[in-house]
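Below: the structure, in structure tokens.
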Amino acid sequence: VGCTTYYKQNITFHNLLETGRVTEAQHYLQKNGKQAEGVNRALYHLNLGTTAYLNQDYQTSIAQFKAADLYNEDYSAQPGYEALALISNP
């Protein structure tokens, strides 16, 4: 799992979402919530926010989008991550 991209780790989630099975996709994310920690947590919360929005659960959606924004700001504020991104991304 270490070198696998977030998308590849969550291919089941994306397949469920793309086929319109939004509630199942949301449950899949929640069941596999270990990604709520670590470098992909902003993506995790964005995906949860999206599924909540599509399920018309707007309060949860807003809360998840706010969480993603908060984690994104935290990540952006760390200059070491910026330097690593410049070095590791083509």
Side-chain angles (χ1 to χ4, degrees):
V1 177
C3 294
T4 307
T5 65
Y6 181 81
Y7 179 81
K8 286 181 182 177
Q9 291 174 13
N10 289 287
I11 195 75
T12 301
F13 163 77
H14 292 287
N15 287 336
L16 289 168
L17 194 60
E18 289 170 4
T19 57
R21 295 163 32 204
V22 178
T23 302
E24 289 178 57
Q26 186 175 29
H27 290 287
Y28 177 83
L29 271 183
Q30 292 168 333
K31 186 176 91 176
N32 297 295
K34 64 182 178 182
Q35 293 172 351
E37 304 298 323
V39 297
N40 292 323
R41 62 186 173 191
L43 292 171
Y44 173 81
H45 288 286
L46 283 172
N47 285 336
L48 273 180
T50 300
T51 57
Y53 179 83
L54 293 171
N55 281 324
Q56 299 181 351
D57 183 358
Y58 302 119
Q59 295 292 6
T60 299
S61 177
I62 290 168
Q64 292 299 325
F65 288 144
K66 284 182 179 180
D69 184 50
L70 178 65
Y71 292 130
N72 190 42
E73 286 178 14
D74 286 349
Y75 189 79
S76 299
Q78 298 180 10
Y81 287 127
E82 291 287 328
L84 180 62
L86 289 173
I87 294 169
S88 64
N89 290 327

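Heavy-atom basis, side chains included; hydrogens, waters and symmetry copies ignored. Because the structure is predicted, anything quoted here is derived from the model rather than measured.
- For the pair R41 and Y71, the tightest heavy-atom approach, listed with the atom from each and the gap, is NE-CD2, 3.2 Å.
- Between F13 and N32, the closest side-chain pair of non-hydrogen atoms is not below 4.5 Å.
- Atom NE2 of H27 and atom CZ of R21 lie 12.5 Å apart (nearest 0.5 Å).
- Interatomic distance, NE2 of H45 versus CG of L70, reported as 9.0 Å (0.5 Å rounding).
- Distance check, rounded to the nearest 0.5 Å: CG of L48 to CG of L43 gives 11.5 Å.
- From T19, atom OG1 reaches atom CD of E24 across 7.5 Å, with rounding to the nearest 0.5 Å.
- Listed here is the closest heavy atom pair of A25 and L17: CB-N, 4.0 Å.
- With a 4.5 Å cut-off on side-chain heavy atoms, F65 and T50 count as touching.
- Closest of all the heavy-atom pairs between T23 and N55 is OG1-OD1, 3.3 Å.
- Within the model, atoms CD of Q26 and OH of Y53 stand 14.5 Å from one another, a figure rounded to the nearest 0.5 Å.
- Across every non-hydrogen atom of S61 and G49, the tightest pair is OG-O, 3.0 Å.
- No more than 12 heavy atoms of other residues, nucleotides or ligands shown are found within 6.0 angstrom of CD on Q59.
- Going from atom NE2 of H14 over to atom NZ of K8 covers 12.5 Å, rounded to the nearest 0.5 Å.
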